[in-house]
Amino acid sequence: MSVVTRPPVSRSRVESIDVLRGLVMILMALDHTRDFFGATAISPTDLTRTTAALFFTRWITHICAPVFFLLTGTSAYLTLGRRSVPQLSRLLVTRGLWLVALELTALRCFGYQFNVDYRVTMLVVLWALGWSMIVLGGLVRLPPGAVAAIGAAMIAGHNLLDPIRSASLGPFAPLWTILHAPGVVVARPGHIVFVAYPLIPWIGVTAVGFGLGTLYSRDGDRRRRILLHLGITLTIAFLVLRWVNLYGDPVRWSAQPSALFTALSVLNTTKYPPSLLFLLMTLGPAALVLWSIDARTPSLLLPSRVYGKVPLFYFVLHLTLIHVLAIAVCYARYGSAHWMFESPRLDQYPITPPPGWGYSLPVVYAWWIVVVVLLYPACRWYAGIKEQRRAWWVSYL
């Protein structure tokens, strides 16, 4: 007999979850638009070369991946209202395998890169999300509180593993790279595979999200009170631990030539892999957003709900659209666009920029708005299909 407590049976979606997911996916498009249209020679987080505007353009999008993984776990819990635990476990495992396959095929060849030579393959969001769902498929047989505790332990403790270097592990080095330390796992003449999203902390975030789902079985006032306290607690924990500057991130903050850049140093936490402080910095505000829109969504934010209902559809489509637009601009500017089809160096990923390529932030923001607006009709159309059809394949898209 399963020890998992089920949420009430309901086919209605939780609006606040769709809205928050939609908001972070809109921001995600900004980050990827910058990848394709911005100046890749300057890292937004290199405080010796960046500007405050460039830094915050990158920093504001840091919330995207943590929320994406968190709400994956939350949504998994909510499906227990209409699925048994074994059914949910099977769905998570099969869908997770599907996402891994999608990352290695469609996203790699027709999203990030427009080629099939596999000279450069980056294992990123869908890779980690797929494996997180596979692991969650095993954990869902435990009580939600135990799942959340396991996830919280992974988040809080994984920085203790930072001193372990892949090079010291011999034949186990590739496995360690996949689990904790970003790096190259395959390096052969003409082919390289790089793990950008190590699994341990992302699995932890997904597991915590599963536990978070139990709040949506509670009455609204109590749920909002817990979300508020949770958001404040996580945010304060970030500020205290970051100020102490001893644990939670492999890179310590330091005094900079100006007060502004010292503040940027404090906020400049590590994403690859996401440190404890990175996750506190992003998940705390995410909980506060969920609290603020739980009772009522402001009308200004309602359009984001459309994107939040079709996350995978949006994710695949927005990458392809951004890449197509970059090709069009490249061709119009240079009379050729062959660079956009070539596998890049790792430091130029996801494209090989043409000579002199890279637009200012106002141009990047303009193209971002174009991308989000163009995607709205397609996402609204597909959201309608999802609501009308209950075919098994819909749950995989």
Side-chain angles (χ1 to χ4, degrees), residues 31 42-50 54-56 58-70 122-125 127-129 131-132 150-170 172-185 187 193-208 234-257 261-286 346-347 349:
D31 198 38
I42 300 176
S43 169
T45 56
D46 180 356
L47 298 185
T48 64
R49 301 184 66 193
T50 192
L54 180 59
F55 178 91
F56 281 113
R58 172 62 169 158
W59 182 81
I60 193 66
T61 65
H62 277 338
I63 196 173
C64 299
V67 170
F68 209 46
F69 282 78
L70 182 80
M122 191 83 74
L123 303 180
V124 280
V125 177
W127 153 270
L129 189 64
W131 283 110
S132 296
I150 291 171
M154 295 173 77
I155 291 172
H158 82 93
N159 284 117
L160 294 172
L161 306 174
D162 290 343
I164 302 175
R165 295 289 181 257
S166 299
S168 67
L169 298 178
F172 298 102
L175 177 61
W176 189 242
T177 298
I178 289 171
L179 292 177
H180 183 70
V184 175
V185 288
V193 178
F194 187 92
V195 177
Y197 273 62
L199 300 181
I200 288 177
W202 294 118
I203 291 171
V205 175
T206 308
V208 167
L234 294 180
T235 302
I236 291 176
F238 163 72
L239 294 173
V240 171
L241 286 175
R242 192 56 165 163
W243 179 256
V244 172
N245 216 21
L246 292 176
Y247 178 74
D249 197 280
V251 179
R252 307 292 186 252
W253 68 270
S254 60
Q256 300 294 313
F261 271 71
T262 297
L264 298 189
S265 180
V266 172
L267 296 175
N268 196 18
T269 53
T270 302
K271 182 180 179 180
Y272 304 106
S275 66
L276 167 62
L277 288 171
F278 178 92
L279 293 173
L280 291 174
M281 180 181 72
T282 51
L283 294 179
L346 288 178
D347 62 332
Y349 190 85

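At a threshold of 4.5 Å between non-hydrogen side-chain atoms, the residues P201 and I155 do not count as touching. For the pair V125 and F69, the minimum side-chain heavy-atom distance is below 4.5 Å. For the pair D162/H180, a side-chain contact is recorded, criterion being any heavy-atom separation below 4.5 Å from C-beta on. Using a 4.5 Å cut-off on side-chain heavy atoms (C-beta onward), K271 and Y197 make contact. Looking only at side-chain heavy atoms (C-beta outward), I164 and L169 come within less than 4.5 Å of each other. Counting only heavy atoms from C-beta outward, the side chains of T177 and V184 never approach each other to under 4.5 Å.
With sequence neighbours left out, the side-chain hydrogen bond (donor to acceptor under 3.5 Å, both in side chains) criterion links D46 to T48. Every residue was checked against the side-chain hydrogen bond (donor to acceptor under 3.5 Å, both in side chains) condition with S168, not counting sequence neighbours, and none meets it. Applying the side-chain hydrogen bond (donor to acceptor under 3.5 Å, both in side chains) criterion to T270, with sequence neighbours excluded, gives D249.
Between W127 and W131, the ring planes are perpendicular. Angles over 60° get that label, and only those under 30° would be called parallel. Note: F278 and W202 have perpendicular aromatic rings, judged against thresholds of 30 and 60 degrees for the angle between ring planes.
The minimum heavy-atom distance between L199 and A128, with the atom names listed, is CD2-CA, 3.7 Å. For the residue pair V208 and G151, the shortest heavy atom distance occurs at CG2-C, 3.6 Å. The two atoms that bring R165 and W176 nearest to each other are C-CD1, 4.4 Å, heavy atoms only. Listed here is the closest heavy atom pair of S254 and S265: N-OG, 3.0 Å.
Note that the CG atom of L276 and the CE atom of M281 stand 11.5 Å from one another [nearest 0.5 Å]. For the atom pair CG (L267) and CG (L277), the distance works out to 11.0 Å, reported to the nearest 0.5 Å. In this structure, the separation between CD1 on I60 and OG1 on T282 is 11.0 Å, given to the nearest 0.5 Å. In this structure, H62 NE2 and F56 CZ are separated by 10.5 Å, a value rounded to the nearest 0.5 Å. Summarising the geometry, atom CD1 belonging to I236 is positioned 11.5 Å from atom CG belonging to L280; distances are rounded to the nearest 0.5 Å. Note that CG of L279 and CG of L283 are 5.5 Å apart. Values are rounded to the nearest 0.5 Å.
A donor-acceptor contact closer than 3.5 angstrom is absent between the side chains of S275 and T269.
Side-chain atoms of H158 come within 3.5 Å of backbone N or O of P274 as a donor-acceptor pair. Using a distance-only test at 3.5 Å, with no hydrogens or angles considered, a donor-acceptor pair links the side chain of T262 to the main chain of Q256. R242 places a side-chain N or O within 3.5 Å of a backbone atom of V266 that can act as its donor or acceptor partner.
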I would like to know whether T45 and T50 meet side chain to side chain contact (heavy atoms under 4.5 Å, CB included); could you show each step before the answer? CA-CA 7 Å; T45 56; T50 192; over 6 Å; no
Between W253 and N268, does a side chain to side chain contact (heavy atoms under 4.5 Å, CB included) hold up when you go through it step by step? CA-CA 8 Å; W253 68 270; N268 196 18; over 6 Å; no
Show your working on side chain to side chain contact (heavy atoms under 4.5 Å, CB included) between W59 and L264 and close with a plain yes or no. CA-CA 9 Å; W59 182 81; L264 298 189; over 6 Å; no
Trace of the side chain to side chain contact (heavy atoms under 4.5 Å, CB included) decision for R58 with L54: CA-CA 6 Å; R58 172 62 169 158; L54 180 59; over 6 Å; no
